[in-house]
J.: 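I'd like to ask some things about the structure below.
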Amino acid sequence: MCSSDLELAQISPSNTNTGLTQGDDAKKLRTSHPDVNNYFRVCTTDDRQGAAGAEFAHKLGLKRVFVVDDNETYGKGLADVFDAQFRKDGGTVLGHEHLNKGQQDFKALLTKAAGLHPDFIYYGGTTVTGGGLLRKQMADAGLGSIAFLGGDGISDATFLTQAGSMANNSYYTVAAPETSKLPSAKSFIAAYQAKYNQPVGPYSANAYTAANIEIAAIEAALKTSGGKVPSRLDVLKGVAATKDFASPIGAVGFDANGDTTAPILTLYKISGGRAHFVDQINLKT
């Protein structure tokens, strides 16, 4: 039995797969109750993350790219959107290759890419499916001086370990705002660091926001029910109706699909062995 049968509201802080809320894939997840959406998210989707990657690349002055993906749902979807948007914006895609599952030697692929003289490599995938090793091996193929750009699949600490010194001059996007740049997140950051004695993670404020939207919907349903325990459906309706909810990541609401109405994406650059904020855009339509 799926959660839509149970009328149980779900809010994700970081799931970015577009098919979870849109298109035929989303419909398949709601076959029992096609008109009832119980899945929401405060992060934006991979189609927008791929498009943002293309926009960031142009802002960085990068014009010629060789695209690589891991041929899996997340990675290929991200790379395909990036590829199409980069071309649309006037960039040149020199090639688009797919990794084989479990592949660890990328010499032939990178030698081919080097012969085409790209400004950068765009990688759609995760560190686990090849991102760290691909970046590391670029040095041996004569591509050590060019940039490497990907999505949040390479935002983990393992990428730094696998790529080593080659991790520098790598960029990645995250489907969330940089909280240190938001006045609305100031008190959250202070409380988080005091509680856990460590920096806020890329999706920490998103998770806090998701939880508070749920709590607010429950409290609102309690008021309308006269203090009685509200039904799951009442809470679900409250979540779906969320609009301009004040949170550390700004004013948040949900559209008819359950997607955030504040699709903010952030670009980071790795230098000196750690990530640094570069830019942030809002792709609100």
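Numbering starts at 1 and runs along the sequence shown.
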J.: Is there a donor-acceptor pair closer than 3.5 Å between any side-chain N or O of Asp70 and the backbone N or O of Leu99?
T.: no
J.: A side-chain contact here means heavy atoms from C-beta on lying under 4.5 Å apart; do Leu143 and Phe148 qualify?
T.: no
J.: Could you tell me which non-hydrogen atom of Arg274 sits nearest to which non-hydrogen atom of His276, and how far apart they are?
T.: O-CD2, 3.1 Å
J.: With a 6.0 Å cut-off (strictly less than), is the heavy-atom count around NZ of Lys59, excluding the residue itself, greater than 12?
T.: yes
J.: About how many Å separate CG of Asp69 and NZ of Lys76, when rounded to the nearest 0.5 Å?
T.: 6.5 Å
J.: Side-chain heavy atoms under 4.5 angstrom apart, residues restricted to Ile, Leu, Val, Met, Phe, Trp, Tyr: same cluster for Leu267 and Phe82?
T.: yes
J.: Rounded to the nearest 0.5 Å, what separates atom CD in Gln85 from atom CG in Asp89?
T.: 4.5 Å
J.: Spell out, as yes or no, whether a donor-acceptor pair under 3.5 Å connects the side chain of Asn206 to the backbone of Pro13.
T.: yes
J.: For the residue pair Gln49 / Thr173, report whether a side-chain donor-acceptor contact shorter than 3.5 Å exists.
T.: yes
J.: Check whether Glu178 reaches the backbone of Phe277 with its side chain - one donor and one acceptor, N or O, closer than 3.5 Å.
T.: no
J.: If we ignore hydrogens and angles and just use 3.5 Å, is the side chain of Thr21 paired with the main-chain N or O of Gly258 as donor and acceptor?
T.: no
J.: Under a 4.0 Å N-O cut-off, is there an ion pair linking Asp24 with Lys28?
T.: no
J.: Can you tell me how far apart OG1 (Thr209) and CD (Glu214) are? Round to the nearest 0.5 Å.
T.: 12.5 Å
J.: With no hydrogens and no angle check, is any side-chain donor or acceptor of Asn37 less than 3.5 Å from a backbone partner on Asn257?
T.: yes
J.: Hey, which of Lys136, Glu97, Gln137 is the one that makes side-chain contact (heavy atoms from CB on, under 4.5 Å) with Phe106?
T.: Gln137
J.: Is a side-chain N or O of Ser184 found less than 3.5 angstrom from the main chain of Pro248, in a donor-acceptor match?
T.: yes
J.: With a 4.5 Å limit on heavy-atom distance, are the side chains of Val67 and Phe86 in contact?
T.: no
J.: Let me check something: do Ile264 and Ile249 share a hydrophobic cluster, defined by ILVMFWY side-chain heavy atoms less than 4.5 Å apart, either directly or through other members?
T.: no
J.: Kindly indicate whether the side chain of Leu283, heavy atoms from C-beta on, has any atom under 4.5 Å from the side chain of Thr44.
T.: no
J.: Kindly state each residue pair satisfying salt bridge (Lys or Arg N to Asp or Glu O under 4.0 Å) with at least one member in residues 243-264, sequence neighbours excluded.
T.: Arg41-Asp259
J.: With no hydrogens and no angle check, is any side-chain donor or acceptor of Arg135 less than 3.5 Å from a backbone partner on Gly164?
T.: no
J.: Show the nearest heavy-atom pair for residues Ile154 and Gly131, with the distance to one decimal.
T.: CG2-CA, 4.4 Å
J.: Tell me if a side-chain donor or acceptor on Gln103 pairs with a main-chain N or O of Asp105 at a distance below 3.5 Å.
T.: yes
J.: If you measure only the distance, is there a donor-acceptor pair under 3.5 Å linking the side chains of Thr18 and Asp46?
T.: no
J.: Under a 4.5 Å side-chain heavy-atom rule over Ile, Leu, Val, Met, Phe, Trp and Tyr, are Val81 and Leu62 clustered together?
T.: no
J.: Who pairs with Glu219 by salt bridge (charged side-chain N to carboxylate O under 4.0 Å, His left out), at least two apart in sequence or on another chain?
T.: none
J.: Any sub-3.5 Å donor-acceptor pair from Thr92's side-chain atoms to Leu94's backbone N or O?
T.: no
J.: Between Tyr122 and Leu110, is there shared hydrophobic-cluster membership here, with clusters defined by ILVMFWY side-chain heavy atoms closer than 4.5 Å?
T.: no
J.: Would you compute the distance between atom CG of Asn15 and atom OH of Tyr39 and round it to the nearest 0.5 angstrom?
T.: 3.5 Å
J.: Might you point out which heavy atoms bring Gly144 and Met166 nearest each other, and give the distance in Å?
T.: CA-CE, 3.7 Å
J.: Do we see a donor-acceptor contact under 3.5 Å between the side chains of Tyr74 and Asp152?
T.: yes
J.: Between Phe40 and Thr260, is there a side-chain heavy-atom distance shorter than 4.5 Å?
T.: no
J.: Does Leu78 share a hydrophobic cluster with Ile121, counting links as ILVMFWY side-chain heavy atoms below 4.5 Å and allowing steps through other members?
T.: no
J.: Step through the shown structure and confirm whether more than 12 heavy atoms of other residues, nucleotides or ligands are within 6.0 Å of CD on Gln198.
T.: yes
J.: Nearest 0.5 Å please: distance from the OH atom of Tyr172 over to the OG1 atom of Thr266.
T.: 10.0 Å
J.: Hey, does Ser155 have a side-chain heavy atom less than 4.5 Å from the side chain of Tyr268?
T.: no
J.: Strictly distance-based, threshold 3.5 Å: is any side-chain N or O of Asp119 a donor or acceptor partner for the main-chain N or O of Arg64?
T.: yes
J.: To the nearest 0.5 Å, what is the distance between CG (Leu265) and CD (Glu55)?
T.: 9.5 Å
J.: Quick one: are the ring centres of Tyr208 and Phe188 less than 6.0 Å apart?
T.: yes
J.: Quiz question: by atom type and distance under 3.5 Å, do the side chains of Thr129 and Tyr123 form a donor-acceptor pair?
T.: yes
J.: Mind listing the closest non-hydrogen atom pair of Tyr171 and Ala147 along with its distance?
T.: CE1-CB, 4.0 Å
J.: Any idea which heavy atoms bring Gly272 and Asn168 closest together, and the distance?
T.: N-OD1, 3.0 Å
J.: Identify the heavy atoms of Leu149 and Gly53 that sit nearest to each other, and give their distance.
T.: CD2-O, 3.7 Å
